[in-house]
Amino acid sequence: MREQIQKLLGQAVERAVCEIDPDWGKAMPAVQVTRSRSPEHGDFVSSVALALAKQLGTPARDLAGRIAGAILDSEGLIERTEIGGPGFINLFLSKLRWHDTLKAILEAGEGWGLSTTDRPERTQVEFVSANPTGPLTVAHARNAVLGDVLSRLLEAVGHPVTREYYFNNAGRQMRTLGESLRVRCEQELGREAELPEDAYTGAYLEEIARGLVAEHKQELLDAEPAFFRDAAEKAISALIETSLERLGIRFDVRYNERSLYDEGLVEETLETLRARDLVFEADGAQWFRATALGLERDRVLVRGSGEATYLLADIAYHREKFRRGFERIIDVVGADHFDQMPYVQAGTAALGHQAERIEAVIYQFVNLRQGGEVVKMSTRAASFVTLDELLDRVGPDVLRYFMIERRADTHFDFDLDLASERSERNPVYKIQYAHARMCSIERLALERGLALLPPERVPASRLELPEEIELVKKIGRYPEVVRRAAERREPQEVARYLLTVATAFHTYVTDGTRHRVLSDDPDLTQARLGLVRAIRATLGNGLRLLGMQAPERM
RNA sequence: GGCCCAGUAGCUCAGUUGGAUAGAGCGCUUGCCUCCGGAGCAAGAAGUCGCAGGUUCGAAUCCUGCCUGGGUCACCA
């Protein structure tokens, strides 16, 4: 809709300018059209006249008037125009337009808000990617929800998405983990054994040890280190899988770092970089000559011990992403990985790939707040709150909403007390309650024997109250909100939008004196039922887009 | 010290890529249950948009400098 307006205005500007100055040789400026902030300024507003006034030497208000007069609106889109303030052109769309919008929403139903794109990109979203060394914590929750909602958003606007989890099971960490498990098993069998210094001390390992002892008994004492490492990896991966399932998250691909080594891809990457003269030796290590590519410093690819660094494996991994045919690569990573990304990009670019197609969605860490106290999260801290504990307390819907309610790249405190509340203060309930309330109205309508009309027969023109038109306008924006949120990778825009829709509905329906939905007037009742259904479709689709329940009762 | 994020109402935060009189939620004050779900709604009080310059028709938004808070800077992953 905005595009149509923009086109109409663009043509009007050309005509107006030609009239004032036929010799105008310069390019026409891009016509800015935005939604008006307040209804008194119409539906759309443009500031072209302000931008052009000085160049043309015409007072802005005059110019605005001439442009407005030059609009050729053959489709009857615009009801009227007004010139406001210093020279804004305010455009008022005709009500007919909004009645059509309502029908379009009802027709689209569950597909309302979904769209397609001329340029679909095979997209990979890599997220969570936690190593299987312990259960998921709050730290991973933001990553998980962000990645999942981003994936859903991209799919909603027409991109095919692969959700991928990359985990490291090749390095020292995993050896340490295996060693820690072995010690726990020995202790379980009654032996004296000390945990190594950098061991994993979590209780979950003791539990896994008990399971192993029950199964294998004394034979464990003869097992190889790799046995414990693999057993730990398997058990912990299962824990992680279960937590993610509770959050409603599934992956298409689980990519394992060790396979990069097994298939010789790490070695191949190193050799290719070497052939490009980007590798040199110093202090017994192999270095990536990143400074030659304009980066701040050089970095180690192969340690003195002969082991590859995470960076080298990551470059190899990203090369594989391109080889697998992805056109858009999105990595959801914590702020602590921020410095790493340019090196991965530079390395991948050096291998001949379009590294600008690699995008990092960076999120800042979350603090837990409880009873006014801020609990800093850290995987290393002895006491961390696991994702499961959090889910036990607040459930998946609240967790999801809170995690994407704010921009990814800002810090925020997760207020456990607020999140646990089932009250008016909690926006999740407010949104879901609105949905349940609408379902309730529809149930009542059915009880009273009212038929649900097909969209084209809904007498939408009976909706005349300003607040009703405002509601239609608001939900009519939904597809645009989704598109924008997807393009900008900012799911919080959808979350906040849903809250405003829910509030607008509550306002409408609570004032039962002016407008009962179910009244004595059959046509008006059907029109308002149509409105309620359209709002419910918007809210329901939006909730599902965020991976949340849209309850029919609460 | 370099880089990243933030500084807007008492609190938590929005602010549609530079637009008109600055916006929500919570909290506070005052109302609304003979009512389609009160898990809701209405009204009110509340602001030096961190500070100082600059850019232009116009700045919370862009640029520069400074102040304050958080994060991050491995031959860890």
Side-chain angles (χ1 to χ4, degrees), chain A residues 32 34-38 40-41 45-47 49-51 53-54 60 84-88 90 129-131 133 167-168 170-174 198 257 282-287 296-297 299-305 307-311 313-314 334-340 362-365 367 369 379 405-413 415 418 421-430 432-434 436-445 448 477 480-481 484 488 492-493 496-497 499-500 502-503 505-513 515-519 525 528-529 532 553-554:
Chain A
Q32 289 243 1
T34 51
R35 278 176 194 282
S36 304
R37 285 190 176 171
S38 82
E40 51 189 295
H41 296 143
V45 59
S46 177
S47 57
L50 290 167
K54 200 177 183 188
F88 293 103
N90 296 324
S129 297
N131 293 335
T133 56
F167 64 101
N168 173 284
R172 192 181 55 81
Q173 276 199 347
M174 293 306 290
D198 50 353
E257 186 193 8
D283 307 326
Q286 308 282 321
W287 291 72
E296 245 176 77
R297 62 182 192 87
R299 302 190 68 132
V300 171
L301 293 171
V302 182
R303 290 189 277 259
S305 65
E307 281 180 303
T309 58
Y310 181 86
L311 173 63
D314 217 11
D336 56 335
H337 285 234
F338 181 78
D339 285 354
Q340 178 88 355
I362 312 241
Y363 63 91
Q364 297 289 334
F365 291 120
N367 290 318
R369 182 194 290 270
T379 328
E405 182 190 26
R406 294 197 179 84
R407 293 177 55 109
D409 59 3
T410 63
H411 305 269
F412 88 99
D413 293 345
D415 187 336
L418 174 59
E421 260 184 65
R422 302 175 68 85
S423 80
E424 62 205 354
R425 304 177 60 209
N426 193 330
V428 176
Y429 290 103
K430 189 160 180 176
Q432 292 184 323
Y433 174 55
R437 225 176 159 182
M438 286 186 273
C439 291
S440 172
I441 292 174
E442 289 177 44
R443 277 195 300 271
L444 189 67
R448 293 189 186 173
R477 272 187 56 209
E480 196 181 305
V481 170
R484 196 182 129 95
R488 299 174 34 146
Q492 83 281 354
E493 294 184 357
R496 291 180 177 282
Y497 168 78
L499 185 58
T500 68
T503 301
F505 166 73
H506 285 305
T507 302
Y508 175 70
V509 89
T510 302
D511 182 2
T513 53
H515 34 54
R516 304 281 297 174
V517 174
L518 309 176
S519 68
T525 297
R528 287 178 175 162
L529 264 178
V532 167
R553 302 168 195 275
M554 291 175 74

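For the numbers below, each heavy atom of this structure counts, side chains included, while hydrogens, waters and symmetry mates do not. In this text the structure is predicted, and so the values were computed from the model without any measurement. In what follows, every chain begins at residue 1, and chains take the letters A, B, ... in the order their sequences are listed.
In this structure, R496(A) places its CZ atom 14 Å from P of C26(B), rounding to the nearest Å. Rounding to whole angstrom units, CZ of residue R406(A) and P of G15(B) are separated by 12 Å. Taking atom CD of residue Q340(A) and atom C1' of nucleotide C76(B), one finds them 10 Å apart after rounding to whole Å. In this structure, CG of L444(A) is placed 11 Å from C1' of G37(B), rounded to the nearest angstrom.
With hydrogens and angles ignored, a donor-acceptor pair under 3.5 angstrom links the side chain of N90(A) to the base of A20(B).
Separation of the C1' atoms belonging to C36(B) and U30(B) is 27 Å when rounded to the nearest angstrom. Taking the C1' atoms as reference points, A22(B) lies 13 Å from A59(B), given to the whole Å. Atom name P, nucleotides C41(B) and G47(B): the rounded distance is 25 Å, in whole Å. On the C1' atoms, C26(B) is 14 Å away from A14(B), given to the nearest whole Å. Using C1' as the reference atom, G65(B) and G25(B) are 36 Å apart when rounded to the nearest Å.
When the side-chain nitrogen and oxygen atoms of K430(A) are compared with OP1 and OP2 of C41(B), one or more of them lie within a distance under 4.0 Å. The side chain of T309(A) places no N or O atom within less than 4.0 Å of a non-bridging phosphate oxygen (OP1 or OP2) of A77(B). Contact between the side-chain N/O atoms of R303(A) and the OP1/OP2 oxygens of C76(B) is found at a separation under 4.0 Å.
Stem analysis of RNA chain B (at least three stacked-register Watson-Crick or G-U pairs, each with both distances under 3.5 Å) gives B:1-7 with B:67-73, B:10-13 with B:23-26, B:28-32 with B:40-44, B:50-54 with B:62-66.
Comparing G37(B), A77(B), A20(B) against the side chain of S440(A) picks out G37(B) as the nearest. Side chain of T507(A), nearest nucleotide from U17(B), C41(B), C4(B): C41(B).
At the heavy-atom level, R553(A) lies under 4.0 Å from base atoms of the strands shown. A285(A) comes within contact range of at least one nucleobase, with a heavy-atom separation under 4.0 Å.
In this structure, H411(A) does not pack face-to-face on the six-membered ring of G71(B), missing the 5.5 Å centre cutoff or the 30° plane limit.
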